[in-house]
Engineer: 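This structure is in structure tokens; I'll ask about it shortly.
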Amino acid sequence: MTGPAPQPKFRRDYQPPAYRIDHVDLHVDIGEGVTRIGSRLSIARDRAAAADAPLRLDGRAMQLQAIRIDGEPVPESDYSVDAEGLTLSAPPAAFELAIEVDVDPDANTALEGLYRSGRILCTQCEAEGFSRITYFPDRPDVMATYRTRIEADAGRYPVLLSNGDRVDHGTLPGGRHFAVYEDPFAKPCYLFAMVAGDLAEVADTYRTGSGRDVALRFYTDHGSENELGHALHSLKQAMAWDEKTYGLEYDLDTYMVVAVGSFNMGAMENKGLNIFNTSCVLASPDTATDGDYIRVRDVVAHEYFHNWTGNRVTCRDWFQLSLKESLTVFREQQFAADHGSPGVTRIEQVRMLRDIQFPEDAGPNAHPVRPESYIEMNNFYTITIYEKGAEIIRMLHVILGHEGFTRGVQHYLSEHDGGAVTIEDFVTALEIANGADLARFRLWYSQAGTPVVTVRDDYAGGRYRLTLSQHTPDTPGQTDKAPLHIPFGLGLIESDGRAVDLGERSLLTLEQPEQSWTFEGLSARPVPSLLRGFSAPVRVEYDHRTEDLAHLLTHDSDPVARWEAGQELALAAMRAAVSAYQAGEALPDPTALIEAVARLLGDPPADHELLAEMLTLPTERRLADQYAQFDVDAVVASHGHVKRQLAAALQTRVEDFLTGPSAGGYRFEPAEVGRRRLNAVALDYLAAGDASGIDALCLALYHDADNMTDRMAALQALRDRPGPARDEAMAAFAERGRGHALVLDKWFSLQATSRLPGAVARVAELDADPRFDATNPNRVRALVGSFARGNLPGFHQEDGAGYAWLAGHIRQLNELNPQIAARLVTPLAEWAQVAGPRGTAMREQLAGLAGASLSPDVYEMVTRALD
Ligand code: ARG
Ligand code: ZN
């Protein structure tokens, strides 16, 4: 961690590998503490490479024990080892390289490579973790078939797993045993996985469309096997969906999923052997909310979809990460829309994009969906690569139409099956399959920043004229951006609520700096419904009339635009309150908002989930994002004010939405999800409006709840309300968390996000709680992440203690787990967006971190934030 400053890698420097590795034979010998890993690599020099080209193998945190070429020890003069790898100076044109190394999974707190999660040994190789397992060219364009033999103590590690099919197994002297796996599909090393542990197994079978039986095996710690049913069911749904939608079948005889409690990310699509964070696979009514059920379903599907978009066709280099992630996220989104309320599914995506991706794209971490450089690849698993990337794919889907898009994806997959390719290859395949020209569209991949589309309109004599202009702001290292190809969904709604038939013009194509469209033959000025479906990841600027928004909130047939109208009304009320707050005036009543919501409740949408969504106010973060620099106190006060006023006005109306436990127990199905969601919104408003008896009501609902969703709704409503009801419910909930890590995470999160005074002192106390564990990423996210991201007033406590507390955790994690540490830099990196002395204090913490000895991960995030 000390030494010269880490250097960036550049996309433009890409060189194909000088040596191919066609086959990997691994022997993993799990011992006490140390694990010995032997590899035999079949290597051939590329014809295009020079005869004296050296062979570079990456490798970190391992001890080299032996190295042989074609069975002969390699003389020390022919290779050199450094902290990052091993170089063979002039190897033969074709040879077998045998290497033995020792690694120590128990000492591996970075959770990359081979590491321990509780009693399970497991791996995480994406992006560059395989080079912590053995010396290897750790890059996705080196693809090999693998044969993996694992040997371990039979008592401690009765289950041994790796990619592909088990071809051999047996017992060995000394209480040991072994298993051999073969994966016939050539893969990049980031898709390698192995697991050893004492695991419970839940098995099932899926019959593919062509009639092959696939064995599905899910593994988890003993005691949680009853929480795998939902994930297993979701996997079968995903397998069937991919056959029906894209004609894609699974290709191995076994599909395995392992749940581990210590995992840096959500899940990993290793070929035939997915490894999942427990939070993305375990679910039972008692431990998981509806939101968790949805997340499990979608992450299971996501990892499954990677088998084609990621594994069969992978990325040439890590600058192309979005190639596999954005397409897979989009496929996951299509799947989610087909298995729930499509409108609500879309609204949730838009909310996340606005709350998290837009701020990223406006701050120091703004980067193109296909970045030009990176220091630590793990820092680029961002919401921009994933979710903005998926928005780009969605625009292609809109532009090419469902059939054209699907045909394009199928063409891409058949053209590049078995290959490691680029985003350019993908776009070209779509062009060829559709005879389309996507030249301008490609700019979406290279230009960072959220484009702003400014809308002007006028109406006279039956003619309505709409003018759109676009501009993309400067971002770090990028100025003077070109106009993009923006598909812009449009509706025009007449005063009686009917929509004008726009034909093809319900989707406008904006590709110039400014364009106008004229609509004839209207009897009165229509109300524009803009960016329907959120057809492009842009900010729309339009001087909305309040009465237009109220009209849209009742009449718009597009759920996203309808929801958006309500959000705009609320934001307008909040902005007015911010101005008053800053002028030292009394905060104005949000009259227009209250009236519009009252009207909505008079004629609500039948979909309860959609109604709940429409009643959910924009977050404080979204309000903050309305300003180049935001005033923390004004944002918190104004948001709270509008919510309280609305709550007071709605009190008697929302009481109707309160429901007790469902007859017949918990069911995860759309109508029930909607009912519980509306119940939670009602409780939230009653608490915000300080309704009489609310504490007792929440406590009763907490105790009566027969599922985690209702229990959390009661706890959320009590979270900021000091008193015996809160104390009792929180204590009971902590008790529930005793035997269940994911439940305890929820308890930590509730403490961290509570608005009760003394927030920093409270979280600092939890640092020392024996249940807090800095080596467990889920626990760190539950306490530190929830506080820094989900407690605006607490994190921005005026004395700066919140910033200092976060910086302390970053320092500690910098040593333990640099990947997690680097993620926690983001809240401080927003310093330039925070007005006043707070912004300065945030920057000071970053500067203090910059003076420490940093991992490349944290170094990159801190220096970018200070630039
Ligand atoms: N490919 C995984 C997924 O999205 C995520 C892997 C993240 N790895 C990392 N080092 N950040 O499905
Ligand atoms: Zn993914």
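None of these values were measured; they are calculated from a predicted model. Just follow the structure's listing: the first ligand is 1, and inside any ligand the first atom is 1.
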Engineer: Give the residue, atom name and distance (to 0.1 Å) of the protein heavy atom nearest atom 2 (C) of ligand 1.
Structural biologist: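 Looking at atom 2 (C) of ligand 1, the protein heavy atom closest to it is E269 OE1, 3.2 Å.
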Engineer: Okay, side chain of T123, backbone of M194: is any donor-acceptor separation there less than 3.5 Å?
Structural biologist: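 Looks like yes, one N/O pair under 3.5 Å.
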Engineer: I'd like to know if the side chain of Y206 and the backbone of A240 have a donor-acceptor N/O pair within less than 3.5 Å.
Structural biologist: yes
Engineer: Looking at V299, V296, L742, D292, which one forms a side-chain contact (heavy atoms from CB on, under 4.5 Å) with S279?
Structural biologist: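 So the option named by the test is L742.
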Engineer: Is ligand 1 under 4.0 Å from a heavy atom in the side chain of M377, in the backbone, in both, or in neither?
Structural biologist: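 Contact part for M377 vs ligand 1: neither.
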Engineer: Please write down residue, atom name and distance for the protein heavy atom closest to atom 4 (O) of ligand 1.
Structural biologist: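 Looking only at protein heavy atoms, the one closest to atom 4 (O) of ligand 1 is Y386 OH, 2.6 Å.
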Engineer: So, regarding Y381 and ligand 1 (criterion: nitrogen or oxygen to nitrogen or oxygen, under 3.5 Å), is there a contact or not?
Structural biologist: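 By distance alone, the answer is no.
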Engineer: Please determine which of T475, T382, D361 meets the side chain to side chain donor-acceptor pair (under 3.5 Å) test together with H367.
Structural biologist: T382
Engineer: Shortest non-hydrogen contact from S162 to A193?
Structural biologist: OG-O, 2.8 Å
Engineer: List the atom of F263, the atom of N778, and the distance in Å for their closest heavy-atom pair.
Structural biologist: O-OD1, 4.4 Å
Engineer: Distance under 4.0 Å to a non-hydrogen atom of A127: what atoms of ligand 1 satisfy this?
Structural biologist: 10 (N)
Engineer: Which heavy atom of K9 sits nearest to which heavy atom of I375, and what is that distance?
Structural biologist: NZ-O, 4.1 Å
Engineer: Only one of R331, E325, K271, R312 forms a side chain to side chain donor-acceptor pair (under 3.5 Å) with H306, so which one is it?
Structural biologist: E325
Engineer: Would you check if the Zn ion (ligand 2) lies under 2.8 Å from any N, O or S atom of E325?
Structural biologist: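 It does: E325 brings an N, O or S atom closer than 2.8 Å to the Zn ion (ligand 2).
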Engineer: Which pair of non-hydrogen atoms, one from T145 and one from F185, has the smallest distance, and what is that distance?
Structural biologist: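 For T145 and F185, the tightest heavy-atom pair comes out as CG2-C, 4.3 Å.
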Engineer: Counting only heavy atoms, which portion of E126 has something under 4.0 Å from ligand 1: side chain, backbone, both, or neither?
Structural biologist: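 Looking at E126 and ligand 1, atoms from backbone and side chain both fall under 4.0 Å.
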Engineer: Give the residue and atom name of whichever protein heavy atom lies nearest to atom 10 (N) of ligand 1, and the separation in Å to one decimal.
Structural biologist: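 Going by distance alone, atom 10 (N) of ligand 1 is nearest to N378 OD1, 2.6 Å.
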Engineer: Which ligand 1 atoms does A267 reach within 4.0 Å, using its non-hydrogen atoms?
Structural biologist: 2 (C), 3 (C), 5 (C), 12 (O)
Engineer: Which atoms of ligand 1 are found less than 4.0 Å from any heavy atom of E303?
Structural biologist: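 Contacts of ligand 1 toward E303, numbered from 1: 3 (C), 12 (O).
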Engineer: Hey, which atoms in ligand 1 end up nearer than 4.0 Å to a heavy atom of K324?
Structural biologist: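 Taking each heavy atom of K324 in turn, ligand 1 has 1 (N) under 4.0 Å.
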Engineer: Looking only at heavy atoms, is any part of E112 under 4.0 Å from ligand 1, and if so is it the side chain, the backbone, or both, or is it neither?
Structural biologist: neither
Engineer: For ligand 1, which atoms, with element, lie under 4.0 Å from some heavy atom of H302?
Structural biologist: 3 (C), 4 (O), 12 (O)
Engineer: Starting from the Zn ion (ligand 2), look over the N/O/S atoms of H302 and name the nearest one.
Structural biologist: NE2
